[in-house]
Amino acid sequence: MATNPRDFLPLKDLVFRILVALSDGERHGWSLVQALEESGGSRILPGHLYRTLDGMLDDGLVEESDESSAPQPVKTAKAAKPKSGAAPSRFFSLTPLGCAVARAETERLEGLIARSRAGKLLRARR
Amino acid sequence: MSINLYQLVLLLFPADFRRRHGVAMVEQFNEQRRLVKSRPLAAIALWIRAITDAIRHGLALRFSGPDHTPKPSSLPSDLRQAWRSVVSRRTSSSLSIALLALALTVSTTIFCIVDSVILRPAPFPEPHNLFELYTGRSATQLGQPYMPPDVALLWEQQTDMFDEIGTFEQGGSALLGGAEEARELVGQVYVTPGFFRVFRVPLLAGRWFAPGEGAPGNDRVAVISEKVWRSRFDRDPGAIGRPILVNDVPLTIIGVMPATFGYPWNGIRVWRPLDLAHSQPNRYAQVVLRARRDMNLDTLRERVGAAAAVIFPQASKPMRYPTATVRPMSEPQLEARTIQSLWLLAGATLMLLVTAGANLSSLSLAQLVARTRDAAIQSALGATRFRLMRQALAEQALMGVIALAIAAPLTWLAISVAHSLMPERLTNWTMNMAQIDQRAALVMAGLAFGTPILAGLIPAFAGSKTSVVELLKHEGRASTSGRGSRLLRRLLVVTEIVCAVVLLVVGALLVRSFMRLQAVDRGFDTSRLVYAHMNFPARDFPSPMSRRLFVDRALEELAATPGVSGVTLTSGLPPEGNGISFGKLSVEGREPSPSAPTIELPMYTVRPDFFSITGIPILQGRPFRDDEPKTSTIISASMAAAYWPGTSPIGQRWRLGEEWQWQEVVGVAGEVRSSGLDDRFGSFETYYPYARPAISAVSGTPVESVDAFAGSGAFIIRTDDGARAIAPVRAALAKVDRRVMVDKVARVEDLYGQTLSQQRMLLVLMIVFSGAGLVIAGIGVYGVLSGIVAQQLREIGVRIMLGAEPAAMSRLVFRNGLWLAAIGGVIGIAVAALSGRMISSVLFDVRASDITSYAIVLAVLGLAVILAAWRPARRASRVDPATLLRDS
């Protein structure tokens, strides 16, 4: 398994958005979906989400737990908790590697933006 | 109900996935449905998307697993990228690949030859334990490998000293097959039963000789080579026990040796039994042995020396050398000069490889500008430096693979061609065949990957050391290939020029040496002489009279052939020697000095008209007469000068050992080159009259015989036009009697030409190498100058705008090129001069410091550089400042 954050770059859009969404703290599935949909972009369907999460779990970017490790559920998570909550909720959170990968991707995108600003593309619009 | 339907949809996902995420998925879908509950169209759309989602991701999970975040690029992806990169730069990539393929082909071919001749051990089990027994002056000074059969027998009885010991006697050539089959002349050798045990090479079929086989009445058996087994018996195991005609004597085949077994030399096809107890005393035996594993070379030599002190006094005749020693079979059997030629070729190959590598590196550096941009962008996109280097090296490795795919069949072809071009003395006396075996394949693959990767290491390192900031700073200018890489490129080109100069110097020296060789005075007029060698099959020509009859009729027939002005019979003619005798020469009336050297006498048995027809002059005395006594000899001028300095040798008597009769000198003949054009004058040719003392083909000593034409002989025919006479001569001999094997009809001049085959091969290869080196260096110079012009376009444009002459800009480029050539030329000549000693050993009549050769090389180099600079210079002179300004 790769441990160098730069080895993961560039990230897929959904992966980056999941990492960003989890950067505030752990979330369970539905809360995550809501955060993702709030951050803009199309509706995330269960198959896509959980297949991506499976990959990220395998890669060590996120980890899951059956119970929230936080003393009090994060406000956003609590608010979003589904009503039909008979089944135990599983929480997803960032690993240190996930954090580092998210940071590296952010820097990468910043570089790209800097380049596009320095290049003719944005200059022409100015 | 609907939720149950979604649970059905979830069946598209693998069971394990459903178990872990099923509840959460249903929960999520439920929430999503709740949000669109009031909008039926949106609800339908959600259902469609949920089903599509399940189909897409469910199937993907089943077939390729979870969606992983991109991993560091794997080797296949590196290779894919490398392939795209190689294809995108078609011209320079093809050039690099072609150069690499050429260098690979040449180096692997030369490696195969050097490996087969020098490096690879003999193809026998534990080859380092195999030795040839030699007589000698001391343990380290080898004399001859020959010894009388009785001495060999005494050695064979020393069984406790060695693991195995065996003896062989050269059997010369033998006619294989009967009249109805395709007859061929093959090598045969007589061996004792121990001989095969020494080599431990298993037979393909049958058995080895048993003790006692080889004794009179029990000697009609033979072991044949796999080559004969294949060509005549189609590898039929039933061939064992069947007869085969050897010199028209039916021998029973008892065994088959593998084709790879070529001892004592590669032409041997028939091994016949030898019983030393019944061997002719005038034959010469050679002893081979397998030393005991616990014995090192020094101990072995010591014990052999001690044994010789016991054995030699028991010899039936006095031994020429006082002691015995051994020669490891792992040492090549070739002349030192041949081995030096091969090392020279290996050195030249290495130079060519370095040149090709430097060129690859230089081309790679030239692409650095483009690569730096790619690399900077990739680096900005998150690629690590290691990954960038790996990608650059993957590209080099890919070029290596393509070059390997091209070079492999070319090498195979080159080796097949080399086999036909290789001189006989190279192919006959090596125990291994040059072929693409495991070692060659390893070397080839190593070079195919190693050369481009090594060559690409510096450019890859330089290319990876880049940042997007740096790139942006210099956006629009090609200054990313900075000072360092420019200097490096020039250094690489200078390296190429140095190698090219060294190769050219060696090539030029060899050309001049070869020209000198061809112009060498043969000592007689060879251009219109035709040599026709024949063998008499014993069955068809059983009696001396039948052979004499053929010779007389052939002489008549040949003399009557149009275009023939004279014909004579001889046992041989330089450079096709017949026999050579070794010994200490003693002159009658003079006490032979104990320190007198052992000499070699080339011997020719000739008819009285030999000298007039060949044109070898008689300087003193007279040619032979028809009734010449058997003890008359004609000697060469150098022999006369060596043994009768200042006096006439005519009437003097000499002999080469006590077993010889005194020979009376009746004439002194002009010098000829006995063994070839590179033979210096001064070998002591001796001529004997035909009719009585014939020469044993095996031992080379005169033997009493009333039958002068025992087995073979040669007609020498003086013609008006040598080349055109060959077919009529063959026809005339066939007309007299088809049963005579005429194995060689050639112009004597061509025979001399053949003696140069080794030099010719070396010359051709060196010309190819130096030509290739020059072309590669030229390409390198061209590349560097083009790069300089491309980088300095603005500067040139500004200069022209400020009033500089366009011609001055061309001159600037030429000056740059000539500087490179001057630096490379000076270093190259210094290197060539330093390695002069290695070159001088293969040169004839040309010194390694030959000024003319160096001058020619410098002129050729200058010309090549001017040619290479031509286009860049023209481009520089045609820079249009207006266009440049507009473009920028």
Side-chain angles (χ1 to χ4, degrees), chain A residues 1-2 4-12 14-16 18-19 28-34 37 42-61 64 80 82-90 98 101 104-105 107-112 114-115 118-120, chain B residues 3 6 9-10 12-14 16-18 20-32 34-36 42 45-46 49-61 64-73 376-377 379-387 467-469 471-473 475:
Chain A
M1 191 193 288
N4 185 346
R6 288 170 85 87
D7 288 346
F8 291 86
L9 308 193
L11 289 178
K12 284 188 177 171
L14 181 59
V15 174
F16 185 50
I18 292 175
L19 290 178
H28 61 76
W30 175 238
S31 151
L32 189 57
V33 171
Q34 279 186 314
E37 287 182 356
S42 55
R43 174 162 290 157
I44 311 294
L45 285 145
H48 191 188
L49 176 72
Y50 285 96
R51 184 171 164 235
T52 306
L53 277 173
D54 245 18
M56 292 173 78
L57 284 165
D58 279 359
D59 293 334
L61 299 181
E64 65 176 333
K83 286 169 187 170
S84 55
S89 291
R90 296 208 336 274
V101 170
E105 177 69 352
E107 281 162 16
R108 181 184 78 84
L109 291 173
E110 272 170 2
L112 262 185
R115 179 167 154 66
K120 287 177 181 171
Chain B
I3 285 302
Y6 187 68
V9 172
L10 284 186
L12 285 165
F13 291 91
D16 176 56
F17 187 82
R18 281 202 313 271
R20 286 189 293 120
H21 303 297
V23 175
M25 287 171 84
V26 170
E27 210 170 66
Q28 181 189 334
F29 185 66
N30 200 13
E31 291 296 329
Q32 281 171 327
R34 201 170 51 79
L35 292 176
V36 294
L46 179 68
R49 288 188 60 198
I51 293 169
T52 320
D53 172 74
I55 293 173
R56 184 177 156 205
H57 294 286
L59 294 184
L61 271 164
S64 59
D67 191 7
H68 284 281
T69 309
K71 280 278 162 61
S73 67
I377 292 167
S379 168
L381 290 177
T384 59
R385 186 162 178 192
F386 171 71
R387 187 168 155 193
S467 76
V468 75
V469 181
L471 184 79
L472 291 175
K473 236 194 285 177
E475 181 73 22

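Below, chains carry the letters A, B, ... as their sequence lines are ordered, and counting in each starts from 1.
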Go through the structure and list residues passing salt bridge (charged side-chain N to carboxylate O under 4.0 Å, His left out) with B:Asp53, not counting sequence neighbours.
-> none
Please examine the side chains of B:Arg20 and A:Asp54, heavy atoms only from C-beta on, and report whether any two atoms are closer than 4.5 Å.
-> yes
Side chains of A:Val33 and B:Gln32: closer than 4.5 Å at any heavy-atom pair?
->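 Side-chain contact under 4.5 Å: yes.
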A:Leu49 portion near chain B, given a 4.5 angstrom heavy-atom threshold = side chain
Part of [X] within contact of chain A (heavy atom distance under 4.5 Å):
| X | result |
| --- | --- |
| B:Ile51 | neither |
| B:Ala24 | both |
| B:Arg56 | neither |

Pairing residues for B:His21 by the ring pair (Phe, Tyr, Trp, His ring centres under 6.0 Å) criterion, not counting sequence neighbours = A:Tyr50, B:Phe17
Specify the closest pair of heavy atoms between B:Arg49 and A:Arg43, including all atoms of both residues, with the distance to one decimal.
-> NH2-O, 3.2 Å
Minimal non-hydrogen separation, B:Tyr6 against A:Pro46, with atom names |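 B:Tyr6 and A:Pro46 have their closest heavy atoms at OH-CG, 3.2 Å.
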